[in-house]
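Source: prediction; values computed, not measured. Residue numbers begin at 1 in each chain, while the letters A, B, ... track the order of the sequences.
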Protein chains: 4
Amino acid sequence: MPPPDADQPVRTTGDTTADHRRGPRRRGQELEEAILAATIEELAEVGYARLTMERVAARARTGKATLYRRWPGLAELVVDACAIRDASDADLPDTGALRTDVLAALRLISGQLAGPRGDVLRGLLPEFVRDPDFARAIREKVDTAGPGAIKQALRRGVDRGEIEAWLPDSRRATVAVDLLRNHFLLHGAPIADDVITDIVDDVYLPLLLAPRSGRDTER
Amino acid sequence: MPPPDADQPVRTTGDTTADHRRGPRRRGQELEEAILAATIEELAEVGYARLTMERVAARARTGKATLYRRWPGLAELVVDACAIRDASDADLPDTGALRTDVLAALRLISGQLAGPRGDVLRGLLPEFVRDPDFARAIREKVDTAGPGAIKQALRRGVDRGEIEAWLPDSRRATVAVDLLRNHFLLHGAPIADDVITDIVDDVYLPLLLAPRSGRDTER
Amino acid sequence: MPPPDADQPVRTTGDTTADHRRGPRRRGQELEEAILAATIEELAEVGYARLTMERVAARARTGKATLYRRWPGLAELVVDACAIRDASDADLPDTGALRTDVLAALRLISGQLAGPRGDVLRGLLPEFVRDPDFARAIREKVDTAGPGAIKQALRRGVDRGEIEAWLPDSRRATVAVDLLRNHFLLHGAPIADDVITDIVDDVYLPLLLAPRSGRDTER
Amino acid sequence: MPPPDADQPVRTTGDTTADHRRGPRRRGQELEEAILAATIEELAEVGYARLTMERVAARARTGKATLYRRWPGLAELVVDACAIRDASDADLPDTGALRTDVLAALRLISGQLAGPRGDVLRGLLPEFVRDPDFARAIREKVDTAGPGAIKQALRRGVDRGEIEAWLPDSRRATVAVDLLRNHFLLHGAPIADDVITDIVDDVYLPLLLAPRSGRDTER
DNA sequence: CTCTAAACGAGACGGTACGTCCAGTCTTCGG
DNA sequence: CCGAAGACTGGACGTACCGTCTCGTTTAGAG
């Protein structure tokens, strides 16, 4: 009973194992892109929770060591894979009023969280403990779309005279996005639209219109 | 709560327990408590990320099957284990002013998140996708301490005439806790104290004092 | 999240578990027969290799403890279960000649080995190491049909004057069955008929007709 | 069946690090031999019945996956492990007479069956049902020593004129070994010496001297 | 005809082993 | 010589049974 051993002494031909399914071996850029694409596909198929280095490597038809040489772990790989597809921070149309601009911005963010990116965000949170630098990198990506769109809306509000000029750079500015994100993390997607309107009408707009406290500082 | 050594030689009952073996086999309530205690200990020692059924079973001196008979997976076990240690919603001292009461409440919550419970909270978020019922169970536990303490502070504020009566049950009430939690999830513990004072002075108090919008409803 | 605990402190009613459509509880003889029957059925369905106490108990609608109260282990249970169905050693028809009588006897045994009994025989062999007494018990059952039928055939041969009178009780008598069993153990069932005829014509009959050696003794 | 070796070219024999605690990671040939050795040791220590993949892996200081990558299950592993130590079929001394030659051969086989190989043989029999190919592989190993030694004895007997020339290749030739094996499987080891002499004097020699039946054919 | 002790059924308990999957590391060998 | 491919160590997974034990329920059989 011969074990399924690969090392036959008489290997007459450069056969089987050498059959490259990819002709010339992929390297550098090409290989990296293939890996990131495989990561995205896996992510869409099985979700972040079931994502493994093993499966990504298999789908990319490469070895795990190739992944580890480029990324310290799964989390970092995923961050890169998502970054590639960012493209976001699209300009929001000017709806003519602060309230509707803000609503539009929140709905945009809500939509993004409902996709695999939201899944990833949740999955990455536990990793934040490991490495503060990593955590910061994630936060920057996460916060890309959110504050950008909101800040734009606030600036328009300032221009229209709806709110005071110091607000877009104050601690109050991010409250809407923070609450939205908090709701997503606890309740998941999709986020019901009245949650968004509640945040805007019951909290965010009143807050923006509330008088500046003595302590309130620009940031 | 002292480390509940369930089966120690003390066992007062009539049998002459030299306790060579495990003594009388643990069952039901007693066994369950031993398991939950073991879970807590493991959690404190290695953290949620490194928690395994195998180690919990070993520490509780039982078999994995006994765990799986009671909980579908690690996540549910941990939820139960944390719940047991709630000791929650401890009464906060009346400091005489809304601001200081709120600060005290947030600092209490912040302290809880800095412990293993915060670790657990982060670790559990990815599981929410699996099962909405499970997610709800977690949220209830997570929200135990927070809104309770805050609501108490707000009621005292109403009694003192600092804020209006409808606020403790409005959407605005939870904003401080939501922002705190959001900060914890993104930045981790410990939460710097000026983050807390910023939330209170720049956002929460102004919001509580802001006029009620037409849409604002009690909840 | 209350675990599914059974031991409530206040169990007011003799509830649920008592609703057994199994009217009178079986005991003693009746129960034992039900267990043995269940063993046989399992044996026929899944074979000896996959037989477990757990499944037998479940099929017999009893508890494992009831099995262990009666038999030390699976092997002994199976031995009993097979014994119950022995009934065999059926009289073989007198075909009028030694050769055909012997062939008929071997074919009878071959048929038995092809059924679950053969499966059992193989499965039990490793157990022989454990306990010599157990081994002897098995051997007696195994040898029941074989030597009985063969000896009958030999006696008829003596009566007809075909062979000498000392042969039915000599070491030579069992050779045919021994060879047949050996073939079964190594090659399994079904046993090709020319194996049987080879044994008879090339070995057994020549052996029976060979002159008694000086050393040959009755046994 | 020694697995074909692989790495002649580079592997200089001086390989200092036979110590695999922290030495270079074992692969291919070297690893395989370590596993088979561990199997043999376990076999000798606890016997086939208590042999587990888990323990073999632990003793070989490798993981179970490495075992399963090479062998489908315990049975196949054991077969290979035993095969490696075969080396047998040693030449038997010419004692000058057929009877003593045969006795020597049977005693050799008896000795082998009394060791762990006999244990293994019994343990493997139940597996024969699974896979006929597997069964054949075993039989070949099992029959290695037996017929070889016996056939040698018979050929010498022919040369001396003690028996007829057609016998070494006839069905009668294997009868002694078959009976011995049958006795071992039912009664276990050690095999009493008078069982062997009985087989030889009461059955085998008379059979070899019995006249050829018309049907007797060479094989 | 009670009352009691044993047997029954059900299944939990502390374990062992299964066969699989994956994390990271290390070796080999092709380009 | 670099680096792609993949084998290796190690460990946890969740399941199946083992043989024991506990718990309540029947049911004989003794008083």
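- A heavy-atom distance below 4.5 Å is not found between the side chains of B:Val78 and B:Trp71.
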Handout entry: Check against side-chain contact (heavy atoms from CB on, under 4.5 Å), A:Glu33 and A:Leu36
Key = CA-CA 5 Å; A:Glu33 280 166 13; A:Leu36 293 175; 5.6 Å; no

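- The distance from atom CZ of C:Arg61 to atom CG of C:Leu31, rounded to the nearest 0.5 Å, is 13.0 Å.
- The base of F:dA5 has none of its N or O atoms less than 3.5 Å from a complementary donor or acceptor on the side chain of A:Lys64.
- The CE atom of B:Met53 lies 5.5 Å from the CG atom of B:Leu77; values are rounded to the nearest 0.5 Å.
- For the atom pair D:Asp80 CG and D:Arg70 CZ, the distance stands at 11.0 Å (nearest 0.5 Å).
- Nucleic acid contact class of A:Ala57 (heavy atoms, under 4.0 Å, all strands): none.
- We find that CG of B:Leu67 is positioned 10 Å from P of E:dC13, with the value rounded to whole Å.
- Atom CH2 in B:Trp71 sits roughly 18 Å away from atom C1' in F:dT15 (whole-Å rounding).
- Rounded to whole angstrom, the span from the CG atom of D:Leu51 across to the C1' atom of E:dT16 amounts to 14 Å.
- In this structure, D:Thr66 reaches the F:dT9 phosphate: one of its side-chain N or O atoms is under 4.0 Å from OP1 or OP2.
- The interatomic distance linking C:Glu76 (CD) with F:dG19 (P) rounds to 10 Å, in whole Å.
- Taking D:Glu41 as the reference, D:Arg59 meet the salt bridge (Lys or Arg N to Asp or Glu O under 4.0 Å) condition, with sequence neighbours excluded.
- To the nearest 0.5 Å, the span separating CD on A:Glu76 from CZ on A:Phe134 amounts to 4.5 Å.
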List every contact pair, protein side and nucleotides 5-7 of chain E side both N or O, where the distance is under 3.5 Å.
from: E:dA7; atom 1: O4'; to: C:Arg27; atom 2: NH2; distance (Å): 3.3

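- Residue D:Thr62 has no polar side-chain atom (N or O) positioned under 4.0 Å from OP1 or OP2 of F:dC8.
- The nearest heavy atom of DNA chain E to D:Met53 and to A:Met53 marks one nucleotide each, and the one closer to the 5' end goes with D:Met53.
- With rounding to whole Å, B:Glu54 atom CD is found 13 Å from F:dT15 atom P.
- Atom CD of D:Glu42 is separated from atom C1' of E:dA17 by 13 Å (rounded to the nearest Å).
- D:Arg50 has its CZ atom 14 Å from the P atom of E:dC18, to the nearest Å.
- Remark on DNA chain F: of its neighbouring residues A:Ala65 and B:Tyr68, the 5'-side contact belongs to A:Ala65, judged by nearest-heavy-atom nucleotide.
- Atom pair C:Gln29:CD and E:dC8:C1' shows a separation of 16 Å (rounding to whole Å applied).
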